[in-house]
Amino acid sequence: MYNNMLDILCIILSLVIQLSVFCSAQQLVVTAGDNVTIPCTSTVSYPVWVGPEMHNGFVMQYNNPGHKNFANPNLPVQKKARLEWGSDDKSLVIKNVTVTDEGLYQCSDKINLSVRDTSLPPRTPIISNTEVSTGNSLIIRATESQVINLICVSSGGYPEPLVEWYRGNIGTKPLTSTSTVTAGTRSFNVSEKYTFTPQRQDDGTRYICQTSFKTELKRIILSDVNAELVLNLKPNLPIAWQTSAVSAGNIAVVKCSTNGSRPAANMSWSYQGEIPAGEVTATLDATSKTYAVVSLFKRRVTAEDNGQTVQCIVTHISLVKPPQLTASVVLNVHYPPVVTVTATNTTVEAKHAVLICNATGSPNTDYKYGKWVHTWPGINTVLSEKPGSERLVLTNLTYEHSGVYTCSASNGIKVFGTTKEFIEGSVQLLVKSFPVITNPTVNSVNASAAVNGTARVTVDYFSNVDESDVKCFKVLNDKRQDENICNFVQEKVIVHLPVLGHIIKTDGIRATISLGINSKNDFGFYDVVFSNEIGSASLRLQILPIEPPAVPYDLETEHIQSTSVRISWKQRFDSEFPQTFVIQMSADNIIWFNATTVYVDTGEHEGKFSTGLENLQESTIYFIRMYAYNEGGKSSFSKSFNFTTLTKDKDTTASTDDNSTLIVGVVLGLVIVALALYAAYVTILLKRKSKETEGTLKGTDISEQSDAKMYVNIGLLTEDRGSQSSKTQSDGNKTMADSKEFENQYTDLDNQLRDIGSAYDAISSI
């Protein structure tokens, strides 16, 4: 009774609403033409069934509770004829189901019946991810060598359709694909997926998706769709090359190309960590519908660019592994060589020295070599030149081989913007040597000293070794003693160094050597030794007692005029002391007077000396002689000689102007008158004093007067304009013509000098 009431309640509720919130509906799908049994879980037989037919807006009840017959007069006859009870007297059986039977059936349960039509074709299949081409055909875009899924969807068909993929045409064997089937209430949805990796040869191929009834023995093709596969094609491997070799300073051009890409490949450059811009051109091939891409890399190059790598980089949508393609070019830049010289410092003890001219350029072959040039550091004077070669071998080494050696080389490439082809390189070579004495330039020298005095000698020498020393050894019987007995002081000076026939001013050392002379035994020979780590050089020194200077020689006249003359001479050894030259004149070669003196310091003017004599009488014979003196005494007189002054009209400097001649004549006349008056006065004065001075003059040597720088001046001579020391004694102003006593005094003294032999002997004998 309870169950019947529940069934009635469900029926009543179903009449009000189509779906009950209390009872859940089950889904039952059947095929048209089949017999279907709709189950019921009622506990009573012949429960009330309600079907989807409608009457007056309400669902229709097929029977009354407990009644076997489906007596509802409103039930369609054709439907009633196909209804019957199941074997359990509860379930409802519908025979030969049609689509009109679809709907909600209820007893104790709710069953939603769906009927599938046996001949429902699916809608036209759809290929996913396609696009319409300009010709209104479908295309599928994919990328070469990248996996693609071709998906075809067939929906709305019954029974389940067969979906297949074909490549090129349907007559071929279908492609292997996978199906995903979804069953609807009345139809099936099928998604067919074909997965593959397209290659270049697949480009342009048409792929067809076809649907058919697979239950038929002869498949009936229901529909199909096709699309053309359009691939993004990989670019071919790029190639790159330098269009031509260039010289440094010019522009190098590298070209890179690739083809076969779709769309056009991207091209860039890489150089020394940078990404420089390049000129890119893409060209479409009408036949293959692919692109050829060309790019140019341009750079103004230097020598440093030679051998550097330029990389061309190609990227494209189709490139995954690797993500880019590359091509590399090593730049070929021609440039003049870089030239260096290698040498190893050595000593004079070595047999030889080798210098190598190293040239590195591009091209690095077929070098030509210029001359080897040898100079001194800091001086441009070329000391020597050798033929051009890669190697220079120096033999018989001396200090003279030290210096800067320059070579040059060419590989035929000129410096950019110039005509210069040979490039130079230099090296400084040091040939360590024992000291070289530069002054004096002889192997032996003399020095003078007095007992209990000090002998000094100054020697300049050159040493290219940092440390050097000076020692002195006494020489007895030509044998050097062991004891070093000298003191010395050194200072840096510029010396005149002989180098391969040239005199080079360079840094040197001046040694001032002192030797104490304590007795006569200390006079004699000494070896002065200059040494460094390489070896030594020696100088033989002879120390002599201080002596008077030797007599001057080569006395002669120069540039004789009417009232002047120039006297020249040469000096001899004078113990390295300052000396004074005394020039005497005479009108008769008997009576002599001091005309002028010249003072010369030590070492000055080792060659020729000269001085001028003026205020002479024209057309007059004069006799000349001279001697010298120093701390050691006086020399003897030189041999006398004479000369005659010119007349004024023969002077090389006489003026031809009449006014000048008149003026000079007037002046000379006045001078002569004054001299005559003065001479008369002196004559009278001398006669008064002749008895007082006669004895004194006879006992006085003229050389003593010269030593005291006291001269006789008759008004015809003046001091030399170029002399360092020349004086006149006003007390001795006498003429040869007016003083007989004066003449006799000089005559007597001259006779004494002639007998004794020298002024020094005359003085020593008094």
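Numbers here simply count residues along the sequence, with the first being 1.
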Chemist: Can you list every pair that meets ring-ring contact (aromatic ring centres under 6.0 Å, His included) and has a residue in residues 231-268, with sequence neighbours left out?
Modeler: none
Chemist: Using modelled atom types only, decide if a donor and an acceptor are shared between the side chain of Asn236 and the backbone of Asn259 within a distance under 3.5 Å.
Modeler: yes
Chemist: Just jot down the side-chain hydrogen bond (donor to acceptor under 3.5 Å, both in side chains) partners of Lys80, sequence neighbours excluded, or say none.
Modeler: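 For Lys80 there are no side-chain hydrogen bond (donor to acceptor under 3.5 Å, both in side chains) partners, ignoring immediate neighbours.
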Chemist: Under 3.5 Å, is there a donor-acceptor pair linking the side chains of Glu102 and Ser114?
Modeler: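 Side-chain D/A pair, Glu102 to Ser114: absent.
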Chemist: Would you say Thr100 and Pro76 make side-chain contact, with heavy atoms under 4.5 Å?
Modeler: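 Of all side-chain heavy-atom pairs linking Pro76 with Thr100, none is under 4.5 Å.
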Chemist: Given side chains that start at C-beta, do those of Val293 and Val280 come closer than 4.5 Å, heavy atoms only?
Modeler: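 Yes, their side chains come closer than 4.5 Å.
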Chemist: Check the surroundings of atom CD1 in Ile275: do more than 12 heavy atoms from other residues, nucleotides or ligands lie under 6.0 Å from it?
Modeler: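 Not more than 12 within 6.0 Å, no.
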Chemist: Does the Asp285 side chain pair with the main chain of Tyr291, one donor and one acceptor, at a distance under 3.5 Å?
Modeler: no
Chemist: Under a 3.5 Å distance rule, please check whether Tyr367 uses its side chain to pair with a backbone N or O of Gly361 as donor and acceptor.
Modeler: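 Present.
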Chemist: Pair Ile148, Ile140 - check side-chain contact (heavy atoms from CB on, under 4.5 Å), show working.
Modeler: CA-CA 10 Å; Ile148 183 176; Ile140 303 170; 3.9 Å; yes
Chemist: Return yes if a side-chain donor-acceptor contact under 3.5 Å exists between Glu421 and Ser410, otherwise no.
Modeler: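 Note: Glu421 and Ser410 side chains meet the donor-acceptor criterion.
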Chemist: Give a yes or no on this: more than 12 heavy atoms of other residues, nucleotides or ligands lie within 6.0 Å of atom CG of Asp89.
Modeler: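 Yes - once you tally the heavy atoms of other residues, nucleotides and ligands closer than 6.0 Å, there are more than 12.
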Chemist: Which pairs, with at least one residue in residues 45-77 and sequence neighbours excluded, count as a disulfide bond (SG atoms under 2.5 Å apart)?
Modeler: none
Chemist: Taking side chain to side chain donor-acceptor pair (under 3.5 Å) as the cut-off, I'd like each qualifying pair that reaches into residues 220-232, sequence neighbours left out, listed once.
Modeler: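 Of all non-adjacent pairs touching residues 220-232, those that pass side chain to side chain donor-acceptor pair (under 3.5 Å) are Thr143-Asn232, Arg206-Asn226, Thr211-Ser223.
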Chemist: Quick one: list whatever passes side chain to side chain contact (heavy atoms under 4.5 Å, CB included) with Asn35, sequence neighbours left out.
Modeler: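 Expected list: Lys95.
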Chemist: Would you indicate whether the side-chain heavy atoms of Arg262 and Lys289 approach each other to under 4.5 Å?
Modeler: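 With C-beta onward as the side chain, the pair touches.
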Chemist: Between the side chains of Ser108 and Thr41, does any donor sit under 3.5 Å from an acceptor?
Modeler: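 Present: a donor and an acceptor within the cut-off.
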Chemist: Just do the side-chain contact (heavy atoms from CB on, under 4.5 Å) check on Leu138 and Val225 with the steps written out, would you?
Modeler: CA-CA 9 Å; Leu138 296 179; Val225 64; 4.0 Å; yes
Chemist: Tell me, please, which residues at least two apart from Arg300 pass side-chain hydrogen bond (donor to acceptor under 3.5 Å, both in side chains).
Modeler: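 Here no residue qualifies.
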Chemist: Counting only N and O atoms by type, is there a donor-acceptor contact under 3.5 Å from the side chain of Ser261 to the main-chain atoms of Lys234?
Modeler: no
Chemist: Which residue pairs pass the ring-ring contact (aromatic ring centres under 6.0 Å, His included) test when at least one of the two sits in residues 242-283, sequence neighbours left out?
Modeler: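 Every ring-ring contact (aromatic ring centres under 6.0 Å, His included) pair that includes a residue of residues 242-283, provided the two are not neighbours, is Trp269-Phe297, Tyr271-Phe297.
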Chemist: Quick one: are Trp372 and Cys357 in side-chain contact, heavy atoms under 4.5 Å?
Modeler: yes
Chemist: Any side-chain donor paired with an acceptor under 3.5 Å for Asn332 and Gln242?
Modeler: no
Chemist: Check the surroundings of atom NZ in Lys79: do more than 12 heavy atoms from other residues, nucleotides or ligands lie under 6.0 Å from it?
Modeler: yes
Chemist: Show me the pairs that pass disulfide bond (SG atoms under 2.5 Å apart) and involve residues 135-168, at least two apart or across chains.
Modeler: Cys152-Cys209
Chemist: Indicate yes or no: at least one non-hydrogen side-chain atom of Leu355 is less than 4.5 angstrom from one of Val427.
Modeler: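 Of all side-chain heavy-atom pairs linking Val427 with Leu355, at least one is under 4.5 Å.
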Chemist: Are any side-chain N or O atoms of Ser133 and backbone N or O atoms of Gly135, one a donor and one an acceptor, separated by less than 3.5 Å?
Modeler: yes
Chemist: Considering the options Trp49, Trp85, Tyr46, which one meets the ring-ring contact (aromatic ring centres under 6.0 Å, His included) requirement together with Phe70?
Modeler: Trp85
Chemist: Would you please name every residue forming a side chain to side chain contact (heavy atoms under 4.5 Å, CB included) with His67, sequence neighbours left out?
Modeler: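 Expected list: Asn64.
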Chemist: What do you reckon, is CG of Asn169 surrounded by more than 12 foreign heavy atoms closer than 6.0 Å?
Modeler: yes
Chemist: Salt bridge check: are Arg82 and Asp101 linked by an N-O gap of less than 4.0 Å?
Modeler: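 Counted as a salt bridge, because a side-chain N and a carboxylate O are separated by less than 4.0 Å.
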Chemist: Ser362 side chain to Val333 main-chain N or O, any donor-acceptor pair under 3.5 Å?
Modeler: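 Yes; judged by distance alone, with no hydrogens or angles, the pair exists.
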Chemist: For residues 227-317, pull every pair meeting disulfide bond (SG atoms under 2.5 Å apart), keeping only residues two or more places apart or in separate chains.
Modeler: Cys256-Cys312
Chemist: Do side-chain atoms of Asp203 reach the backbone of Arg200 as a donor and acceptor pair under 3.5 angstrom?
Modeler: no
Chemist: For Asp88 and Ser91, indicate whether the former's side chain and the latter's backbone hold a donor-acceptor pair under 3.5 Å.
Modeler: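 Confirmed, Asp88 side chain pairs with Ser91 backbone.
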Chemist: Under 3.5 Å, is there a donor-acceptor pair between the side chain of Asn69 and the main chain of Ala71?
Modeler: no
Chemist: Can you list every pair that meets ring-ring contact (aromatic ring centres under 6.0 Å, His included) and has a residue in residues 300-321, with sequence neighbours left out?
Modeler: none
Chemist: Near Glu274 CD, under 6.0 Å, is it more than 12 heavy atoms from other residues, nucleotides or ligands?
Modeler: no
Chemist: What I want to find out is whether Lys298 reaches Glu279 closely enough, with some N-O distance under 4.0 Å, to be called a salt bridge.
Modeler: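 Yes, charged N to carboxylate O under 4.0 Å.
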Chemist: Keeping Gln61 on the side-chain end and Asn63 on the backbone end, is there a donor-acceptor pair under 3.5 Å?
Modeler: yes
Chemist: Pair Met60, Asn72 - check side-chain contact (heavy atoms from CB on, under 4.5 Å), show working.
Modeler: CA-CA 8 Å; Met60 185 177 292; Asn72 190 337; 3.2 Å; yes
Chemist: Going by the rule side chain to side chain contact (heavy atoms under 4.5 Å, CB included), which residues pair with Tyr207 if we only count those two or more places apart in sequence or in a different chain?
Modeler: Leu150, Trp165, Arg167, Leu175, Tyr194, Phe196, Asp202, Thr205, Leu229
Chemist: Are Tyr335 and Ile423 close enough, and set up right, to give a side-chain contact (heavy atoms from CB on, under 4.5 Å), and what steps lead you there?
Modeler: CA-CA 11 Å; Tyr335 58 88; Ile423 308 301; over 6 Å; no
